[in-house]
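Down below is the structure, laid out as structure tokens.
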Amino acid sequence: DVKLEAAAEIDAKRGRRIGKKWNIPRIYREYERMFKNESLDAVFVCVPHFLHSQVVSCALKHDLHVFCEKPLGLSSDEAFKLVKEASKRDLILTVGYHLRYENNFQKASRIISNMRLGKVTHAQGTFLSPAPYIGYRPRGEWFFTEKGGGVLYDIGCHLFDILTYILSDKIVEVSAHSSNVSYLKTIDNVAGVFKTEKGSLGTFNIGWQGIRYDVHLNIQGTGGSLFVTPSEFEEIHKSYRDLDKAFYYLNSIKRIIKTSMKYYLTDQKIDESYIKEDRNFIDSIIGKENSSNIGKEAVHVLEVLEAIKNSLKKGRTVKVNCHF
């Protein structure tokens with residue numbers, strides 16, 4: 001349902017290469033000219049973090065539906081204005097938080113919303129990645145400075161999006177500590193605690209020091225618990241006896257093997273969750289789906305990240321300032 005009409009890339013050489021590789025008819029150096037000259041319906045904003053707000057704002061003023069890569073800028077105030085502008089113009093504004101489209105995380109969200117764990121009492125979230133030290137190499141130095149926002153705005157935003165999505169709850173209070181492993185001008189390792197609006201307590205660990213990509217959640221409720229990763233899923237209830245647990249663990253092992261074999265046998269290069277989030281964006285534009293709430297949730301993620309930075313600066317627990 002999509003025809004790729006044009007792209008904007010400030011590096012002329014890279015723009016020509018992209019245009020040739022993806023058969024894009026027209027390449028611009030300025031996105032403003034592209035929005036003005038082309039008859040577009042929607043745009044994907046895939047630029048450095050510190051440019052997100054201004055590019056999205058310009059796109060909305062040209063009445064374009066917008067998919068913005070995470071995060072929705074570096075300021076919750078600016079992001080709030082963008083969400084309000086999109087709503088006023090009846091435009092779709094969604095953000096690239098692809099983890100919420102992982103099957104296991106969606107299943108966890110349904111379990112909690114159906115109260116199968118009872119009241120959620122504790123939640124632990126971890127997101128560790130070797131990037132940018134091993135593997136991923138950003139093209140610009142902005143990634144390693146405050147312009148990029150450090151590990152908080154790189155992978156921390158993903159963790160808090162998936163936590164609030166699964167818990168269907170807001171984070172209202174945080175306390176954080178950081179300890180840089182490398183000599184960067186921004187945060188590369190942070191941990192802390194949080195409290196939600198519904199009274200759940202939680203902890204978080206975010207860092208660029210992982211030996212491998214590791215994102216997992218532990219959620220405890222009055223009636224059971226969940227352990228969730230993109231490939232693993234464990235649901236345990238108080239009523240489970242030893243034999244019940246044994247059968248459940250065996251089924252969990254089968255699911256892990258099946259997921260791993262599917263990846264290797266199909267030689268899958270692109271995570272399905274990326275395809276799903278793009279499909280959701282397109283379907284929202286043509287009226288088949290509704291992703292409009294993601295904009296509000298993306299603002300809340302920025303509110304939480306700002307509270308963490310504030311806590312690091314003040315050395316104490318701080319409240320999260322919420323716009324909605």
Side-chain angles (χ1 to χ4, degrees), residues 1-98 101 138-143 145 147-149 153-154 157 270 274-299 302:
D1 301 311
V2 173
K3 183 179 179 183
L4 194 55
E5 293 282 4
E9 168 55 58
I10 196 169
D11 184 318
K13 183 177 180 181
R14 189 186 305 165
R16 289 192 294 271
R17 185 171 69 247
I18 291 170
K20 183 178 180 181
K21 180 177 180 179
W22 300 106
N23 195 30
I24 303 173
R26 291 167 296 284
I27 304 294
Y28 293 80
R29 292 194 67 181
E30 298 86 19
Y31 63 85
E32 298 96 335
R33 286 189 60 214
M34 181 180 73
F35 295 160
K36 183 179 179 180
N37 294 346
E38 297 288 336
S39 179
L40 304 174
D41 298 308
V43 62
F44 281 78
V45 176
C46 313
V47 296
H49 301 160
F50 65 95
L51 295 173
H52 285 185
S53 291
Q54 68 185 63
V55 180
V56 171
S57 177
C58 185
L60 293 175
K61 289 175 181 176
H62 283 83
D63 287 318
L64 299 175
H65 300 289
V66 179
F67 178 105
C68 178
E69 267 303 341
K70 58 81 188 172
L72 188 55
L74 298 178
S75 162
S76 64
D77 288 340
E78 292 181 4
F80 173 72
K81 293 176 183 176
L82 295 176
V83 172
K84 296 290 283 185
E85 182 70 16
S87 177
K88 184 177 75 172
R89 293 174 178 267
D90 197 24
L91 295 169
I92 299 296
L93 170 58
T94 192
V95 185
Y97 286 122
H98 69 97
Y101 294 95
R139 292 183 179 273
E141 288 300 311
W142 65 268
F143 192 83
T145 69
K147 278 187 173 183
Y153 290 79
D154 177 35
C157 60
I270 300 176
Y274 291 107
I275 304 299
K276 289 180 180 178
E277 68 174 357
D278 292 345
R279 184 71 261 169
N280 180 268
F281 175 54
I282 301 304
D283 285 347
S284 296
I285 294 172
I286 61 181
K288 291 183 179 180
E289 292 288 345
N290 180 18
S291 66
S292 57
N293 285 334
I294 296 180
K296 293 182 179 179
E297 292 162 7
V299 173
L302 291 174

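Starting from 1, each residue takes its place in the sequence as its number.
- Atom CG of D11 is separated from atom CZ of R17 by 7.5 Å, given to the nearest 0.5 angstrom.
- Heavy-atom neighbours of I18 CD1 from other residues, nucleotides or ligands within 6.0 Å: above the threshold of 12.
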Set out, in order, the CA-CA distance, both residues' side-chain angles and the distance that settles side-chain contact (heavy atoms from CB on, under 4.5 Å) for E69 and V45, then state yes or no. CA-CA 6 Å; E69 267 303 341; V45 176; over 6 Å; no
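- Side-chain contact between R16 and I27: absent, with no pair of heavy atoms (C-beta onward) separated by less than 4.5 Å.
- Residue pairs meeting the salt bridge (Lys or Arg N to Asp or Glu O under 4.0 Å) criterion with at least one member in residues 23-32, sequence neighbours excluded: E5-R26, R26-E38, E30-R33.
- Note on ring orientation: taking the six-membered ring where Trp is involved, the planes of H49 and F143 are tilted (angle from 30° to 60°).
- The environment of K84 atom NZ is sparse: at most 12 non-hydrogen atoms of other residues, nucleotides or ligands sit within 6.0 angstrom.
- Across all their heavy atoms, L4 and P25 have their closest contact at O-CD, 3.4 Å.
- How far CG of L91 is from NE2 of H62: 12.5 Å, rounded to the nearest 0.5 Å.
- You'll find the side chain of Y153 reaches within 4.5 Å of the side chain of L302, heavy atoms only.
- Closest approach of L64 and A42 over heavy atoms only: CD2-N, 4.3 Å.
- Under the side chain to side chain donor-acceptor pair (under 3.5 Å) criterion, K70 pairs with D154, not counting sequence neighbours.
- Considering SG of C58 and CG of L51, their distance stands at 12.0 Å, rounded to 0.5 Å.
- Panel note: side chain S87, backbone V83; no donor-acceptor pair is recorded below 3.5 Å.
- Put simply, CG on D41 and NE2 on H65 are 7.0 Å apart, with the number rounded to the nearest 0.5 Å.
- Using a 4.5 Å heavy-atom cutoff, the side chains of E277 and F67 are in contact.
- The structure places CG of N280 at 3.5 Å from OH of Y101, a figure rounded to the nearest 0.5 Å.
- A pairwise comparison of heavy atoms in V43 and F35 identifies CG2-CE2, 3.8 Å as the closest pair.
- H98 places no side-chain N or O within 3.5 Å of a backbone atom of Y274 that could act as its donor or acceptor partner.
- Within the 4.5 Å cutoff, side-chain heavy atoms of Y31 are placed close to those of Q54.
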Please tabulate, for the side chains in residues 71-78, all donor-acceptor contacts under 3.5 angstrom to protein atoms that are two or more places apart in sequence or on a different chain.
{"from": "S75", "atom 1": "OG", "to": "D77", "atom 2": "N", "distance (Å)": "3.3"}
{"from": "S75", "atom 1": "OG", "to": "E78", "atom 2": "N", "distance (Å)": "3.2"}
{"from": "S76", "atom 1": "OG", "to": "E306", "atom 2": "OE1", "distance (Å)": "2.6"}
{"from": "S76", "atom 1": "OG", "to": "E306", "atom 2": "OE2", "distance (Å)": "3.4"}
{"from": "D77", "atom 1": "OD1", "to": "H323", "atom 2": "NE2", "distance (Å)": "2.7"}
{"from": "E78", "atom 1": "OE1", "to": "S53", "atom 2": "OG", "distance (Å)": "3.1"}

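- To the nearest 0.5 angstrom, D283 atom CG is 7.0 Å from D1 atom CG.
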